[in-house]
Enquirer: 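Following this message is one structure expressed as C-alpha cells.
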Amino acid sequence: MMGSSRQRSSSLMKQPETLFHSCIRFVAKNLRLYRDIEYLELLPPLVKNAIFLNVVRVHNGFHDEELPRLLLNSTLTRINLSTSTITDGILSLLSEKCPHLRSLTLTEGNYRFSRDGLERMITRLGKLQRFYAKHCPLIDDTFVRLMVSSCPQLDTLDLESCKNIGDDAADCLRVMPLVRLNVSHTGITDKFLKAIANEKCGKSLEDLNVGHCAITRDGLATLPWDTIKYIGFEGCNIEDLEIVGFGKHLKYICWTISN
C-alpha cells in the first residue's frame, strides 16, 4: 500500500510539468493566432524559450521574422534554426536580442541570407562556443577567419559539406583550442591536417571528422593523437590503418577501406 501511495504521489508531482508542456505545445502549434496579442511579448523568458524550441522541433520552424522578434530574448544561450527559413532579418534579430548566445545551429535550414548578413551577425556574437552549419556555400575560409577573430571561445565547429572550406582555413583554426571539428565533405587536404597538427588546435581536438575529403595516411600520421577520441575519415584514400601513433584515448574510428 505504501509503495502504491508513493507511486501515486510521484505521478501527481509530475502533473504540473506535463500541463506546462501541453500548454507550450498548444501555443506553439497555434502561434500565428497569438502574434497580434500584445501579451505574447510580455511572457516570461522561460515560456518564450520553451515555445521557440517547440516550434523548431515539432512545427517545422519559423518562416517569417515577426514571431521570432516576439520570442527571442537575452536569456537564450542555445538556438536551433535547422527547420526554419533563415534570412538576414533573422540573423540580425539573433545578434540584437541574444547577446549571450553560446550555441547556434543553422544546419538543414532554408538559407535565404546574404554574405553580409552572415558576417554582421557573427561579429556580434562574441560569446559563441558552438556553431553548426551544413551545405552553406557562403561559408568559406574568409568567413572562418572572421568567426575565429570574433568568437574567441569557440570550441565546436561543424561545417559539413560547406564546399568552399579549404586548406586556408587552417591558418586561423590552428590557434583555436577546438574540441570538436567536422570538415567532412569539404575541400581540405593533407595540407590542412599538417597545418593544425602541432598547433593549439591539433593538441586539443577530441572529435575530428574529415570524411570524404582528399585526406591520405600521410596527413593523418601528422596528428599528435594525444587527445583524439573519435575520428572519421570514411571515403578518404586510405588503404590501411598503419598510422603512426594512434593514441590511447582513441575510442571510435569511422573508416572504410579504399578501393
Side-chain angles (χ1 to χ4, degrees), residues 77-82 86 91 94-95 98 100-109 111 113 115 117-215 219-220 222-224 226-234 236 252 254:
T77 60
R78 180 169 56 95
I79 290 178
N80 187 337
L81 292 172
S82 59
I86 309 171
L91 298 183
L94 293 180
S95 59
C98 308
H100 305 297
L101 202 61
R102 298 288 196 277
S103 177
L104 176 59
T105 300
L106 306 181
T107 301
E108 304 298 348
Y111 302 146
F113 49 79
R115 177 63 178 261
L118 186 64
E119 291 183 347
R120 281 196 299 269
M121 176 201 70
I122 207 64
T123 58
R124 299 178 65 182
L125 294 180
K127 296 183 179 180
L128 199 66
Q129 297 173 348
R130 296 174 292 279
F131 182 80
Y132 307 86
K134 186 177 181 180
H135 287 297
C136 184
L138 297 180
I139 293 179
D140 57 13
D141 298 344
T142 301
F143 175 76
V144 171
R145 186 175 298 109
L146 179 63
M147 172 181 285
V148 166
S149 64
S150 303
C151 309
Q153 300 179 50
L154 200 67
D155 64 31
T156 299
L157 191 57
D158 188 336
L159 303 178
E160 180 182 345
S161 297
C162 292
K163 299 294 187 181
N164 291 321
I165 295 293
D167 291 334
D168 287 346
D171 291 339
C172 55
L173 289 178
R174 63 187 178 85
V175 301
M176 296 297 291
L178 293 179
V179 178
R180 289 166 291 275
L181 176 63
N182 183 355
V183 282
S184 61
H185 296 270
T186 66
I188 71 162
T189 69
D190 285 345
K191 182 180 177 180
F192 180 96
L193 294 184
K194 292 176 181 179
I196 68 170
N198 295 307
E199 303 290 341
K200 184 178 290 186
C201 181
K203 294 177 180 179
S204 62
L205 278 173
E206 295 182 7
D207 188 332
L208 175 64
N209 192 339
V210 292
H212 299 277
C213 295
I215 298 297
L220 291 175
T222 64
L223 295 174
D226 293 333
T227 58
I228 294 176
K229 298 177 181 177
Y230 310 93
I231 186 163
F233 44 90
E234 186 177 14
C236 296
Y252 180 79
C254 183

Enquirer: Any donor and acceptor pair, going by atom type alone, linking the side chain of S204 with main-chain N or O of L178 inside 3.5 Å?
Expert: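 Yes.
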Enquirer: From D167 CG over to D190 CG, what is the distance, rounded to the nearest 0.5 angstrom?
Expert: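 It is 8.5 Å, given to the nearest 0.5 Å.
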Enquirer: Is there side-chain contact between R130 and Y132, with heavy atoms separated by less than 4.5 Å?
Expert: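 With C-beta onward as the side chain, the pair touches.
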Enquirer: Run the side chain to side chain contact (heavy atoms under 4.5 Å, CB included) test on C98 and I79 for me, step by step, so that the C-alpha distance in whole Å, both residues' side-chain angles and the decisive distance to 0.1 Å come before the verdict.
Expert: CA-CA 9 Å; C98 308; I79 290 178; 3.7 Å; yes
Enquirer: Enter the distance from D140:CG to T186:OG1 here, rounded to the nearest 0.5 Å.
Expert: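 Reported value, rounded in 0.5 Å steps: 12.0 Å.
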Enquirer: Hey, does L208 have a side-chain heavy atom less than 4.5 Å from the side chain of L193?
Expert: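 Yes, side chains in contact.
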Enquirer: Does a side-chain N-to-carboxylate-O contact under 4.0 Å join R180 and E206?
Expert: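 The answer is no: the pair does not qualify as a salt bridge.
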Enquirer: Any heavy-atom pair between the side chains of I215 and F192 that's under 4.5 Å?
Expert: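 F192 vs I215: side chains apart.
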Enquirer: Just by distance, do the side chain of T105 and the backbone of T107 share a donor-acceptor pair under 3.5 Å?
Expert: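 Flag not set: sc T105 to bb T107 has no pair under 3.5 Å.
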Enquirer: Looking at side-chain heavy atoms only, is the closest gap between L81 and L94 below 4.5 Å?
Expert: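 L81 reaches L94 side chain to side chain.
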Enquirer: Roughly how far, to the nearest 0.5 Å, is the NE2 atom of H100 from the NZ atom of K127?
Expert: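 Spacing of NZ (K127) from NE2 (H100) equals 4.5 Å.
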Enquirer: About how many Å separate OG1 of T156 and CZ of F131, when rounded to the nearest 0.5 Å?
Expert: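 Reported value, rounded in 0.5 Å steps: 12.5 Å.
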Enquirer: Just so I know, are the side chains of F113 and L138 near enough to count as touching, which here means a heavy-atom distance under 4.5 Å?
Expert: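 A side-chain contact exists here, since the closest heavy-atom pair is under 4.5 Å.
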Enquirer: Say whether, by atom type as modelled, one donor and one acceptor occur between the side chain of R124 and the main chain of M121 under 3.5 angstrom.
Expert: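 Pair absent, no side-chain N/O of R124 close to backbone of M121.
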Enquirer: Extract all donor-acceptor atom pairs below 3.5 Å that involve side chains of residues 141-149 and protein atoms in other chains or at least two apart in sequence.
Expert:
residue, atom, partner, partner atom, Å
D141, OD1, G166, N, 2.7
S149, OG, R145, O, 3.4
S149, OG, L146, O, 2.9

Enquirer: I would like to know whether I231 and N209 meet side chain to side chain contact (heavy atoms under 4.5 Å, CB included); could you show each step before the answer?
Expert: CA-CA 6 Å; I231 186 163; N209 192 339; over 6 Å; no
Enquirer: Mark yes or no for whether T227, through its side chain, and L205, through its backbone, hold a donor-acceptor pair below 3.5 Å.
Expert: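 Yes, T227 side chain to L205 backbone: donor-acceptor pair under 3.5 Å.
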Enquirer: As a quick check of understanding, evaluate side chain to side chain contact (heavy atoms under 4.5 Å, CB included) for R78 and R102, giving each step before the final call.
Expert: CA-CA 6 Å; R78 180 169 56 95; R102 298 288 196 277; over 6 Å; no
Enquirer: Do S161 and H135 make a side-chain contact, defined as non-hydrogen atoms from C-beta onward lying under 4.5 Å apart?
Expert: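 Of all side-chain heavy-atom pairs linking H135 with S161, at least one is under 4.5 Å.
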Enquirer: On a heavy-atom basis, which atom in C236 and which in H212 lie closest, and how many Å separate them?
Expert: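 It is SG-N, 3.8 Å.
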Enquirer: Restricting to non-hydrogen atoms, name the atom on Y111 and the atom on C136 that form the minimum distance, rounded to 0.1 Å.
Expert: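 Scanning both residues, the minimum pair turns out to be CE1-CB, 3.6 Å.
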Enquirer: What's the shortest heavy-atom distance between R174 and E199, and which atoms?
Expert: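 Between these two residues, the closest heavy atoms are O-CB, 3.2 Å.
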Enquirer: Quick test of your reading of the model: are E119 and R115 salt-bridged, counting only N-O distances below 4.0 Å?
Expert: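 A salt bridge links E119 with R115.
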Enquirer: How far does CG of L101 sit from OG of S95, to the nearest 0.5 angstrom?
Expert: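 So the CG of L101 and the OG of S95 are separated by 10.0 Å.
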Enquirer: Could you go through T222 and N198, starting from their C-alpha distance and side-chain angles, then the distance that decides it, and tell me whether this counts as side chain to side chain contact (heavy atoms under 4.5 Å, CB included)?
Expert: CA-CA 8 Å; T222 64; N198 295 307; 5.9 Å; no
Enquirer: With a 4.5 Å heavy-atom cut-off, do L181 and D207 have their side chains touching?
Expert: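 No - every pair of side-chain heavy atoms lies 4.5 Å or more apart.
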Enquirer: Within the structure provided, determine whether L125 and S150 are in side-chain contact (heavy-atom separation under 4.5 Å).
Expert: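 No, too far: nothing below the 4.5 Å cut-off.
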Enquirer: Do you know which two heavy atoms are closest between P224 and A197, and how far apart they sit?
Expert: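 Shortest heavy-atom separation between P224 and A197 comes out as CD-O, 3.1 Å.
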Enquirer: With rounding to the nearest 0.5 angstrom, report the SG to NZ distance, C162 to K134.
Expert: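 Rounded to the nearest 0.5 Å, the SG-NZ separation comes to 10.0 Å.
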Enquirer: Hey, are N182 and D158 close enough side-chain-wise for a donor-acceptor pair under 3.5 Å?
Expert: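 On atom types as modelled, these side chains qualify, holding a pair under 3.5 Å.
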